[in-house]
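The next block holds one structure in the form of structure tokens; read it before the comments.
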Amino acid sequence: MPDGGYRERVDLDVVEERPYRFRVEPRDGMRVPGVVFASRELLRDAEQSLRQVAGVATLPGIVGASYAMPDIHWGYGFPIGGVAATDVAAGGVVSPGGVGFDISCGVRLLAADCDRRALRPALAAVMDGLGRAVPRGAGPGGVWRLGGTAELERVLRGGSRYAVEQGHGEERDLLRCEDGGAVADADVDQVGPRARERGLGQVGSLGSANHFLEVQVVTEVYDTAAAEAFGIAAGQVCVMIHCGSRGLGHQICSDHVRAMDRAMARYGIEVPDRQLACTPVDSPEGRAYVGAMAAAANYARANRQLLSHAARRVFRREAGVRLGLVYDVSHNLAKIETHSVDGEPRRLCVHRKGATRAFPPGHPDLPADLRDAGQPVLIPGTMGTASYVLAGVPGGDAFHSTCHGAGRVMSRHQAARTVTGKELRARLEGAGIAVRPLSMRGLAEEVPEAYKDVAAVVEASEGAGLCRKVARLEPLGVVKG
DNA sequence: ATGTTC
């Protein structure tokens, strides 16, 4: 793997254009400016990430600006929170670093047909059941044992749709999934043998780090009409699932970064950081990555579908409660979308890395019952803190994108030095939050103080005109790797 | 994020 990272350069010229919007003036090969939506407070110590915004602005075919969301922080090549669109017909590139290692990492929210008071007597049994039913942590293990590579290929092509066809969900679920539960352009031939091997045993598993399954309660509704359209109300119990494509997506990213790093020179592409490896979307290497990435996207969706199904079985058995899907959306993905550029419709490759698509009300790709409210945007908070449901807004900037969550401000090592897992568990249980961790070390690494304040991220996103708040949720129970 | 450094 190329070992990149920006070298120190002269300071960037960053101008506050208006509240929650900063502009990075073009220089040093930048083809477009940088535009960062954030507060001054959220940009504290963001120098490295701003340099990454500037680096992304040098990519061939980039249009508009190199954008970053309020939860911007340092990532591989692109900043996490980065959004960049390239013009496919004008030699625009696709870059695996613009998607990230956890391809199609995302969030799914289910709403229970009960409120927190009704669940209370069964909560401990539900949490115990979830603790047994939800595979998690590093390495293999998943709720679904795939028959072999042929069935893996059906998952890679069919995503949530295939999982539902096999009995792991309801037909209605697919109406509430981005892209109906599967993207169409998966090319399984571009998924290498190691990725396949790693993917075989992990369908239906959370993974580790900031991934979680939480039982939550809606503690505040900001937009009653949108909340009603989404099927949530104050006091209602929900289940939020945050996970991605596990080792399969990680391996695909590694494989295709390597291939592009080797091929780039042939296309005459130079980038200021090897981690920005890319080739034109319309090239053999570009098409190969896009096809493999789409396969990983479907894998991640099937993963969330299977975990939903596992949670449903536990809720039905332990509490007689039914879970309906609110929405499922990714925050690490590149998609070919049509957007207006200088008044002309253009086919763009929109990279969203730690950024969520946020279609406005009336968008034709939204299901009819969500058309008036706009697309639900699901923001997972840090363990033990609040999560949010947002909605897309008219005129949303950055190709209809908004934030994805709280960014880390403390390293795992640093975090684990501030508290033991045992202490943190006691603190959470004391606050009325049931915890079912796999590892105490892993729990300590996710101490809330290791992250930015998700409420500030959401405020800045709304203040920047990228989305609006619909509801706030707080955890009743956490299942973690 | 990740068979947490091929």
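Convention: sequence-line order gives letters A, B, ...; per-chain numbering from 1.
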Give the nucleotide from the list B:dT4, B:dT2, B:dA1 with an atom nearest to the side chain of A:N210.
B:dA1
Calculate the interatomic distance between [X] atom [atom1] and [N] atom [atom2]; express it in whole Å.
X      : N     : atom1 : atom2 : answer
A:D102 : B:dA1 : CG    : C1'   : 5 Å
A:H250 : B:dT4 : NE2   : C1'   : 9 Å
A:R258 : B:dT5 : CZ    : C1'   : 13 Å
A:D261 : B:dC6 : CG    : P     : 18 Å

Distance only, no hydrogens: is a donor on one side chain within 3.5 Å (strictly under) of an acceptor on the other, for A:E446 and A:Y451?
yes
Less than 3.5 Å apart, any donor N or O on the side chain of A:R472 or A:Y388 sitting next to an acceptor on the other?
yes
Please determine whether a side-chain nitrogen or oxygen atom of A:S254 lies at a distance below 4.0 Å from atom OP1 or OP2 of B:dT2.
no
Counting just side-chain N and O atoms, does A:R412 come under 4.0 Å of either OP1 or OP2 of B:dA1?
yes
Between A:F101 and A:Y76, is a ring pair (Phe, Tyr, Trp, His ring centres under 6.0 Å) present by the stated rule, with each step listed?
CA-CA 8 Å; A:F101 276 85; A:Y76 181 90; 5.1 Å; yes
With a non-hydrogen cut-off below 4.0 angstrom, is A:G100 in contact with a base, only sugar-phosphate, or nothing?
nothing
Base, sugar-phosphate alone, or nothing: which one does A:Q202 contact when heavy atoms must sit under 4.0 Å apart?
sugar-phosphate
Can you list the residues that meet the salt bridge (Lys or Arg N to Asp or Glu O under 4.0 Å) rule with A:R246, with sequence neighbours excluded?
none
Positions of residues 139-151 of chain A (non-hydrogen atom under 4.0 Å from DNA chain B), listed by number
A:G139
Pairs under 3.5 angstrom only: tabulate donor-acceptor contacts from the side chains of residues 187-194 of chain A to other protein residues two or more places apart or in another chain.
from	atom 1	to	atom 2	distance (Å)
A:D187	OD1	A:D189	N	3.2
A:D187	OD2	A:Q190	NE2	3.4

Within the distance-only criterion (no hydrogens, no angle test), does the side chain of A:T58 pair as donor or acceptor with the backbone N or O of A:V271 below 3.5 angstrom?
no
